[in-house]
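To keep things clear, I will list the structure first and then write my remarks on it.
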Amino acid sequence: MAIPVSSAATAAAPTRSYAGPMVLMTTLFFLFGAVTNFNGVLMPYLKDVCQLTDLQSSLIPFAFFAAYFLMSLPAGFVLSRIGYQRGIVLGLLVMAAGALLFVPAAEARTFGLFLAGLSLLGAGITLLQVAANPYVSVLGPARQAASRISIVGVANGLGGTLSPLVGGLLLFGSTALLQKQLANLPVAERLNQEAALVKSPYIGLSIFLAALAALFFFVRLPKLESIPADEEAGAADAALLQGRRSALDFRHLVLGVGAIFFYVGVEVGLGDFLIRYGQAQQISQLSPFTQSLVQALNAVTNYGLLLIGQSPLPVDTSNGFTPAIGAVLVASYWFGLMLGRIVGIPLLRSLPDRPLLVGVCAAGAALVLGSIVLHGEAALWLIVLCGLCNSIMWPVIFPLAIKGLGPFTKQGSSYLIMAIVGGALVPLLMGWLATHGGGLRVAFLVPALCYVYLLYYALSGYRVR
């Protein structure tokens, strides 16, 4: 993003430090990952507490990710009126209100209120994403933009890895104990007791969001317009632009919107259905590797809980697959995505990006199809490995899709952001197939087909014509 500035401002720019604002932006991206990936634990939890079908439980990611489609354009309008810093404050307060809705939702055990809370969380994150992404991209020298985006991307992955671990313990760690204690009580009363477990995490989240909003309100951040850019965008090919009136006149952009749609859909669908997929495998005995991994991560997470005054919540690995163990696998899936992004930084600098995209798309399709054919624990670990495949897709697909758009780049970027709604619709389709179309194995054909489309885009659809 090139912003006109005076030569004096440009000369003074290198002496200015943006370390403080960068720390705050990194905190925001950690928060994005933590809140978003918590849905992978929340989905099976609410399925039990609210007695839902797989289709009904898929409304959880739908309510959250639909906000990206509905709020992306309004968010841009809001930011143009109140500015980026106030927009961040507003986004945090909207999220805090959404988190607070989980308290009456748990009290009444009403699924509709849970969905309303998730919708507000999604709307708040959309506003924050629209504000934070361009802010990070220009928060310092333009030649270092990629490294800044990589830093916040790793923070996003770290938050997304830790939240399923902690959430799994808080929501599932004591479920077995509750079930033993309340075995003789009516089902409704037992479910009410379990529903109460979600209140503390979301009350804590609401307090943290409100405190962060206060910090962003009082801190003095540099205005976006005052941050100089030391590079100008390259001129677009005039011949390529001839006769084009919209970003949608570019075939590779239209196909790129589809690629982002299916990429986000497959990433969310695999993560959010992983615990349910594990339950469907009916695994009565875990391998020594999985037991050791779960116990090690459980010990680390419990140590962290002790530091914040929470009682340790051990995970029993002797009775086969449980939702608590599934939460560890969900965290491993998102950890693979984070690890892949870290490794991908030097790879994308030294190797051609499109052949890498071809490789990970083909590998993703093979892993999902292999998982459908196999049974038991092996089927789960193949899905976990898909996290590695997903890691470099966004940083490769996005620039391929906007290449050569020239003056239509901003418009094309907006369409790509709106395509994140794939995270709402692909899991919904998976939930429908799981409920009405033959179970979870049939439902997992959907992400396999998503990878096939992504492979097509990597092989041919990316071409600028």
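Everything numeric here is computed off the predicted structure, so don't read it as measured data. The first residue in the sequence is number 1, and the count goes up from there.
- Counting heavy atoms of neighbouring residues, nucleotides and ligands inside a 6.0 Å radius, atom CZ of Phe335 does not exceed 12 of them.
- Closest heavy-atom contact between Gln285 and Gln291: NE2-NE2, 3.2 Å.
- Arg109 has its side chain within reach of Val49: a pair of non-hydrogen atoms, C-beta onward, lies under 4.5 Å apart.
- Checking Ile383, Leu274, Ile325 one by one against Val330, the side-chain contact (heavy atoms from CB on, under 4.5 Å) holds for a single residue, Leu274.
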Inset, instruction - May I have the step-by-step check of side-chain contact (heavy atoms from CB on, under 4.5 Å) for Leu127 and Val94, ending in yes or no? - result: CA-CA 9 Å; Leu127 184 56; Val94 170; 5.5 Å; no
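- Scanning both residues, Ser371 and Leu382, for their nearest heavy atoms gives N-CD1, 3.5 Å.
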Inset, instruction - Report the C-alpha distance between Leu388 and Val343 in whole Å, list the side-chain angles of each, state the deciding distance to 0.1 Å, and finish with yes or no for side-chain contact (heavy atoms from CB on, under 4.5 Å). - result: CA-CA 10 Å; Leu388 281 169; Val343 174; over 6 Å; no
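- Remark: the backbone N or O of Ser287 is paired with a side-chain donor or acceptor of Glu377 at under 3.5 angstrom.
- Asp54 CG to Leu59 CG: the interatomic distance, rounded to the nearest 0.5 Å, is 11.5 Å.
- You'll find the ring centres of Phe38 and Tyr202 inside the 6.0 Å limit.
- Heavy atoms from other residues, nucleotides or ligands lying under 6.0 Å from CZ of Phe30 number more than 12.
- Between Leu357 and Leu400, some side-chain heavy-atom pair lies under the 4.5 Å cut-off.
- Annotation: the span from Ile125 atom CD1 to Thr36 atom OG1 amounts to 4.0 Å, rounded to 0.5 Å.
- Contact of the Leu197 side chain with the Tyr45 side chain is registered, since non-hydrogen atoms from C-beta on lie closer than 4.5 Å.
- In this structure, a donor-acceptor pair under 3.5 Å is absent between the side chains of Trp381 and Ser332.
- Residue Ala67 comes nearest to Ser119 through the heavy atom pair CB-O, 4.2 Å, listed as atom of the first residue, atom of the second, then distance.
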Inset, instruction - Determine, step by step, whether Leu425 and Phe261 satisfy the side-chain contact (heavy atoms from CB on, under 4.5 Å) criterion, reporting the C-alpha distance in whole Å, the side-chain angles of both residues, the deciding distance to 0.1 Å, and the verdict. - result: CA-CA 9 Å; Leu425 298 179; Phe261 178 94; 3.8 Å; yes
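- With values rounded to the nearest 0.5 angstrom, Leu356 atom CG is found 4.5 Å from Ile392 atom CD1.
- Within the 4.5 Å cutoff, no side-chain heavy atoms of Leu42 are placed close to those of Phe114.
- The shortest distance between side-chain heavy atoms of Tyr457 and Arg354 does not fall below 4.5 Å.
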Inset, instruction - Carefully, step by step, assess Thr290 and Thr317 under the rule side-chain contact (heavy atoms from CB on, under 4.5 Å). - result: CA-CA 9 Å; Thr290 301; Thr317 60; over 6 Å; no
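- The two residues Ala66 and Ala424 have their closest heavy-atom pair at N-CB, 3.6 Å.
- Met43 has its side chain within reach of Phe273: a pair of non-hydrogen atoms, C-beta onward, lies under 4.5 Å apart.
- Of the possible polar contacts, one joining the Ser206 side chain to the Ala96 backbone as a donor-acceptor pair under 3.5 Å is found.
- No side-chain heavy atom of Gln129 sits less than 4.5 Å from a side-chain heavy atom of Ile420.
- Taking CG from Leu158 and CZ from Arg341, the interatomic distance works out to 12.5 Å, rounded to the nearest 0.5 Å.
- Ser58 contributes a side-chain N or O that, together with a main-chain N or O of Leu55, makes up a donor-acceptor pair within less than 3.5 Å.
- At a cut-off of 3.5 Å, with distance as the only test, no side-chain donor of Tyr333 or Asn37 sits close to an acceptor on the other residue.
- Ring-plane geometry between Phe65 and Tyr68 is classed as parallel, the angle between the planes falling under 30 degrees on a 0 to 90 degree scale with a further cut at 60.
- The two residues Gly160 and Ser163 come nearest to each other via the heavy atoms O-OG, 3.9 Å.
- Residues Leu205 and Phe102 have side chains not in contact (no heavy-atom distance under 4.5 Å, counting atoms from C-beta outward).
- Side chain of Gln282 to main chain of Gln279: no donor-acceptor pair is present (N/O by atom type, distance under 3.5 Å, no hydrogens or angles).
- Within the model, atoms CG of Leu212 and CG of Leu93 stand 10.0 Å from one another, a figure rounded to the nearest 0.5 Å.
- When atom types are taken as modelled, the side chain of Ser460 and the backbone of Tyr456 share no donor-acceptor pair closer than 3.5 angstrom.
- Note that CG of Leu455 is 13.0 Å distant from SG of Cys450, once rounded to the nearest 0.5 Å.
- Closest non-hydrogen pair, Pro427 versus Pro61, comes out as CB-CG, 3.7 Å.
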